[in-house]
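Accompanying notes for the structure given below.
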2 protein chains.
Amino acid sequence: MNIATDTRSRIIAAAKPRFHSRSYANVGIQEICESAGVQKGSFYHFFPSKRDLVLAVIDEYAEEWASGFVAEAFDPALPPMERIDYLIDAAYFWQKSIKEVHGRMLGCIFGNLTLEVSTQDDILRAKLLAIFTRAKSRFRETLEEAVSKDIIPPLDAALTAEAMLAYLEGVILLAKAQNDPDVLYRLGPAIKTLRIETMAP
Amino acid sequence: MNIATDTRSRIIAAAKPRFHSRSYANVGIQEICESAGVQKGSFYHFFPSKRDLVLAVIDEYAEEWASGFVAEAFDPALPPMERIDYLIDAAYFWQKSIKEVHGRMLGCIFGNLTLEVSTQDDILRAKLLAIFTRAKSRFRETLEEAVSKDIIPPLDAALTAEAMLAYLEGVILLAKAQNDPDVLYRLGPAIKTLRIETMAP
DNA sequence: CTTGCATTTTACCGAACGGTCAACTAGTAT
DNA sequence: ATACTAGTTGACCGTTCGGTAAAATGCAAG
């Protein structure tokens, strides 16, 4: 059982950086197996298909984020709007450190996969959508708290949260197009200027 | 010569919707040739490689956009900020009509390709970056005009333009994740709330 | 009528693709 | 000791991948 889970996690560990730095279609199972030191038959003992592997990779990344600096950013001890600053900062430094090691801006794996596969695989699309929905909730809760504490004027927290998430993904996209994390640094802070007013009742 | 250009443009015409609705890696040259009624040897007479084909496809899309509703949106006769409204509207209706025909939100082909290939091919990345740079300029010029006419308070037009472009791409990304163009309708108008102030001199 | 060139056809290349299968190994429970 | 099972191995499936080369075709200028 130990050895078993080890094989499985070695596969995932080999797949993660590859899917992140290239694309879903461009990474083959053979390559992953070679890198993980695993036979292809063994791969298919743990994963029924390539899609199931990428599903597991998405889960690992989501977990890594949620318990990592996303948890730090959305620390209830911080003033609400500072959490958003923190998140942008963290995204910037993360992308920057990846570029220093890897030579390239890799961007957000969820965004990358979304644009690549969501027209071709509804199961993957649903998985990625769930990730975004969770992220959206973090923004929404933060905005609601900021409004209730009179830190910002009232607004439509749900819609503004979605807008902020969209903006973050868009900034990462443009940064990737320029292969330059500094785009995040320049454009990121403007996320707090986004506002969607509450609909008149 | 007529027949020649016809073959070439039939290839591009077959490739365009496929790269848009799926992805770069997922569309094969064989499929494109079959759909265009062209032999593979003939394909390689006109395009040295698959990359050169997608380069041509990007050019065609860029041309189609620039002379289509992007030209309409950035009509100098319109008040500057209304041009941005128009662009959002046009993007929404375009995505919506595609979904009605195709069943899926396909999003922005430039954004799609950027996230898929820009870590793997610097020539493609440069091409896509050039498209974004042109789009950014349209936004910037519009903002500069709005500022000079006292329609909006002074701001950093170049940075705000980039932020707006990022936001647009991000909104399209989220809409694609939900396979729902209405996301564009809900979030799009907030693009005008984005602001990046001029740096203190 | 022929030379030359652009285009097209056809057959082919080796490599990689995702996935399958049957045989084998090893540890555990009875 | 035996039977069962989770895990592993390595060979193999048909298909597709991007790309190549040579021969055939059509056409236009000399």
Side-chain angles (χ1 to χ4, degrees), chain A residues 1-58 113 116-125 127, chain B residues 1-58 113 116-125 127:
Chain A
M1 187 198 195
N2 272 344
I3 303 169
T5 49
D6 179 64
T7 299
R8 198 188 122 98
S9 56
R10 273 207 331 273
I11 293 170
I12 293 176
K16 275 174 70 179
R18 285 172 172 79
F19 284 138
H20 191 195
S21 68
R22 309 227 291 283
S23 71
Y24 179 63
N26 199 56
V27 177
I29 287 164
Q30 194 168 307
E31 176 191 346
I32 291 167
C33 289
E34 278 162 19
S35 156
V38 161
Q39 235 47 29
K40 200 187 271 195
S42 219
F43 174 94
Y44 280 98
H45 177 72
F46 290 100
F47 301 98
S49 71
K50 187 183 183 184
R51 178 213 274 160
D52 292 279
L53 169 64
V54 83
L55 244 16
V57 166
I58 292 169
L113 288 173
E116 181 183 358
V117 307
S118 65
T119 54
Q120 304 174 59
D121 188 321
D122 273 329
I123 289 172
L124 284 180
R125 187 175 63 78
K127 181 72 164 188
Chain B
M1 188 203 195
N2 272 341
I3 301 168
T5 48
D6 179 65
T7 299
R8 198 188 123 97
S9 56
R10 274 207 331 272
I11 292 171
I12 294 176
K16 275 175 71 179
R18 284 173 172 80
F19 284 138
H20 191 195
S21 67
R22 311 228 290 282
S23 72
Y24 179 62
N26 199 57
V27 177
I29 287 165
Q30 193 168 306
E31 176 191 345
I32 291 168
C33 288
E34 278 162 17
S35 156
V38 161
Q39 245 28 45
K40 199 186 272 194
S42 220
F43 173 94
Y44 279 99
H45 176 73
F46 290 99
F47 300 97
S49 71
K50 187 184 183 183
R51 177 213 274 160
D52 292 279
L53 169 64
V54 83
L55 243 18
V57 166
I58 292 169
L113 287 173
E116 181 182 358
V117 306
S118 64
T119 54
Q120 304 175 59
D121 189 320
D122 273 329
I123 290 172
L124 285 180
R125 186 175 64 77
K127 181 72 166 186

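Just so it is clear: chains get the letters A, B, ... in the order the sequence lines come, proteins before strands, and each one is counted from 1.
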Worksheet entry | For D122(B), all residues meeting salt bridge (charged side-chain N to carboxylate O under 4.0 Å, His left out), sequence neighbours excluded | R104(A), R125(B)
Practice prompt. Please state whether the phosphate of dG19(D), meaning OP1 or OP2, lies under 4.0 angstrom from any side-chain nitrogen or oxygen of Y44(B).
Written response: yes
Worksheet entry | All salt bridge (charged side-chain N to carboxylate O under 4.0 Å, His left out) counterparts of K50(B), not counting sequence neighbours | none
Item to complete: Take atom CG of N26(A) and atom C1' of dT16(D), then tell me their distance rounded to the nearest Å.
Response: 15 Å
Worksheet entry | Side-chain N or O of T7(A) closer than 4.0 Å to phosphate OP1/OP2 of dT8(D) | yes
Worksheet entry | Result of checking R51(A), K127(A), E116(A) against D121(A) for side-chain contact (heavy atoms from CB on, under 4.5 Å) | R51(A)
Practice prompt. Please list, by residue number, the residues of residues 29-41 of chain A whose heavy atoms come closer than 4.0 Å to an atom of DNA chain C; answer none if no residue qualifies.
Written response: I29(A), Q30(A), K40(A), G41(A)
Practice prompt. With a 4.0 Å heavy-atom cut-off, tell me which residues in residues 47-56 of chain B come close to DNA chain D, sorted by residue number.
Written response: S49(B), K50(B)
Discussion item. Taking side-chain contact (heavy atoms from CB on, under 4.5 Å) as the definition, give me every residue that meets it alongside V54(B), ordered by chain and number, with sequence neighbours left out.
Written reply: F19(B), Y24(B), L113(B), L124(B)
Item to complete: Identify the two heavy atoms, one from I11(B) and one from F47(B), that lie closest to each other, and give their separation to 0.1 Å.
Response: CG2-CE1, 3.7 Å
Worksheet item: Between atom CD1 in I11(A) and atom P in dG18(C), what is the gap in whole Å?
Response: 14 Å
Quiz: residues 32-46 of chain A side-chain donor-acceptor pairs under 3.5 angstrom, not counting sequence neighbours:
| residue | atom | partner | partner atom | Å |
| --- | --- | --- | --- | --- |
| S35(A) | OG | R18(A) | NH1 | 3.2 |
| S35(A) | OG | R18(A) | NH2 | 3.4 |

Worksheet item: Between dT8(C) and H45(B), is there an OP1 or OP2 to side-chain N/O distance shorter than 4.0 Å?
Response: no
Worksheet entry | For atom CZ of F43(B) and atom P of dA21(D), their distance in whole Å | 17 Å
Discussion item. Please determine whether side chain to side chain contact (heavy atoms under 4.5 Å, CB included) holds for the pair N26(A) and V117(B), giving the CA-CA distance in whole Å, both sets of side-chain angles, and the decisive distance to 0.1 Å.
Written reply: CA-CA 10 Å; N26(A) 199 56; V117(B) 306; over 6 Å; no
Discussion item. Nearest 0.5 Å, please: how far is CG in D52(A) from OG in S49(A)?
Written reply: 3.5 Å
